[in-house]
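Down below is the structure, laid out as structure tokens.
Here is the naming used below: chain letters follow the sequence lines, and residue numbers restart at 1 for every chain.
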Amino acid sequence: MNLLLENELNSALVAVFEKNGLDKKFAFVKVSDRSDLSDFQCNGALALAKIAHKNPREIASLIAEELQKIDFIDAVSVDGPGFINIKLKNEFIAQNTDKMAADERLGCGEVDDKHKVVLDYGGPNVAKEMHVGHLRSGVIGESIRRIEKFVGNEVIADVHLGDWGTPMGMILAEIIKTDGNLDKVESYDIAQITEFYKRANIRCKEDETAKEDARKITAELQGGNPQYRKAWQHLRSESIKAIKENYEQLDVNFDLWWGESDAHETCGEIVKIAREKGVSEIDEGAEIIRLEESNKPKPPVIMVKSDGAFGYQLTDIATIKMRYDEFSADEIVYFTDSRQALHFEQVFEVVEKLGIAPNVKLKHIVFGTVNGADGKPFKTRDGGVMNLETLIEMSKDKVRQSLPKAGEVEGYGEKEIEKLTSQIAVAAIKFQDLKNTIVSGYIFELDDFAKFEGKTGPYIQYAIARINSVLRKAKANGINFGKVILQAPEERTLALKLAQIHNVVMRAHNEKEPSIIADYTYNLAQTFSTFYNACSVMNAESAELASSRLTLAKLVRDVLTLMLYLLGIEAPEVMLKAENQG
RNA sequence: GCGCUCCUAGCUCAGCAGGAUAGAGCAACAGCCUUCUAAGCUGUGGGUCGGGCGUUCGAAUCGCCCGGAGCGCGCCA
């Protein structure tokens, strides 16, 4: 059950359209583009007129006349070429607001076709430091995970580690080159492991024989060489430990910690299935599957490389089979940047060809890369990428400057201040990322992740903190929650904005686009701030009005808190301020 | 060369199942703290929506062409 104001309007419109023999496909309203003229508008008359070759204003007038009679509608007008502008009665909006306040889901409905969805995001690699390039996938994925759950779907989130490719052979080769053997591997921590990887990476770029060694070791590792396996286990578990720390700080969560290596056995099965179906062939020593090239040229999928190791596409294909077999997933969604678009096109096509996951919806949500000022994927000045840890610390430092020191405020010792710092810093970072539409990517500006004014996470947290403060004061002054009365324009605007929640969540869900929620959340916080400035609770003209405003304020707080939750952001109870601040 | 994505205010971006004066944030400028937290609010200035052609009563939104940017294109993942 959702509490959209549009529902009643739409069904009223359908009745009017049917009565007049008009195609009810166009019988719907949307939030008005002209809030000065109306709350909602219906553009159906324009579309109908085009088809029927009639005067749009005539059709619009016909509809408007019928709408006038409806009791919850305040005013209807036909404007411009044939827009139908509708204003609702205040009492109707107020009642709806009361219902929202009483509803535990705040007026937001669930999806009709609940299903099971596997989300594949994060995708960190063993032995590689997590950097800002890893931010988007994790942050977006976490938000989608929460949205999916909230709308009623069953969700399984898989981090899907990169733990099975040539980089594994590269790092083992590098360690052997340095130590002469793998005896010391288990004493290495993540910093040392990362160092080895960096050196391996440089070496393999310059030295073809080093690359050759790495490939050989990779193939043997995959083949089951016990010595390599044992060393690799250590690299893997050390990496996971470090990765978990990073994700924990950002509140990015997973149900599964699968990796490419977990698909190894299934990879073998896939190769067999492909052979049986006769879709694979040997070409230049590799076992490949050719793809349709009718619409555009596409390289074939290399299942088994000429050295016997599995190609990375095969692990993704095998993983889909596993998710289908083990979880009977209805939908699998991947979140990676646009550079992997072709990869997933190929993978999905092979899955289809082999029939290993029938009726599973496979989606690749492509997002833009995090770019530097030069428009290319972000690199720091020294050519590296900024690691995630540094970014978080930097943002925290900025937050600390605006907070009181531990002990300065009663009840806020070191632990509490540190928690506040992290909540605000993480909000700044995540919101900064999430407010961008997925596809477009963004320019990485270090300062943006430590900004707390304007369209930022802390701005929204601040609005929530102010409401909490009002609620505390109201309680102390004996003001209770009451029925919503819409008197001031700021109250009305706020109530209308609140009523959009269901549509916002559903759109974000359908489009897999958290920025829709981010945008709305900021909008609502802004609308609230205007209301807050104009409509005092404590000094309201009457007790009824004070109670009404209190209900509105609390509802706003609850909606904002829920929206932040869906973005993966926490809302602190208070936002403290350092002495020297404002 | 082929394919994908993109080009909107000084900067970073929304808007794009065609519609009424193209919106935010930042930056700039002018106001607002004996009144519920000024991480806030109010207001001002700023745009030939990359260029052209077309479809349409109507195009930032759809189609084609051109220009510019980024990414990808068989044994890296």
Original post:
Dot-bracket for RNA chain B, 5' to 3', counting Watson-Crick or G-U wobble pairs under 3.5 Å, with [ ] for crossing pairs and | for inter-strand pairs?
Top reply: (((((((..((((.....[...)))).(((((.......))))).....(((((..]....))))))))))))....
**OP:** For rC71(B), take OP1 and OP2 only and decide whether either is under 4.0 Å from a side-chain N or O of S338(A).
**Re:** no
Original post:
Quantified in whole Å, what is the C1' atom distance between nucleotide rA27(B) and nucleotide rC11(B)?
Top reply: 8 Å
Subject >> Integer angstrom distance from the C1' of rG43(B) to that of rC6(B) >> reply: 35 Å
Original post:
Within 45° of the axis and under 6.0 Å from the centre of the six-membered ring of Y522(A), does NZ or CZ of K435(A) qualify?
Top reply: no
**OP:** Check whether NZ of the Lys or CZ of the Arg R136(A) lies under 6.0 Å from the centre of the six-membered ring of F335(A) and within 45 degrees of that ring's axis.
**Re:** no
Original post:
Quantified in whole Å, what is the P atom distance between nucleotide rA22(B) and nucleotide rC16(B)?
Top reply: 16 Å
Original post:
At under 4.0 Å, does any side-chain N or O of T218(A) touch on OP1 or OP2 of rC76(B)?
Top reply: no
**OP:** Check whether any side-chain nitrogen or oxygen of K451(A) sits under 4.0 Å from OP1 or OP2 of rA27(B), and answer yes or no.
**Re:** no
**OP:** Apply side-chain hydrogen bond (donor to acceptor under 3.5 Å, both in side chains) to Q423(A) and list each qualifying residue two or more places apart in sequence or on a separate chain.
**Re:** E570(A)
Original post:
What form does the base of rC33(B) take, syn (within 90° of 0) or anti?
Top reply: syn
**OP:** Please determine if a side-chain N or O atom of T456(A) lies less than 4.0 Å away from the OP1 or OP2 oxygen of rG25(B).
**Re:** no
Subject >> Between S32(A) and D39(A), a side-chain donor and acceptor under 3.5 Å >> reply: no
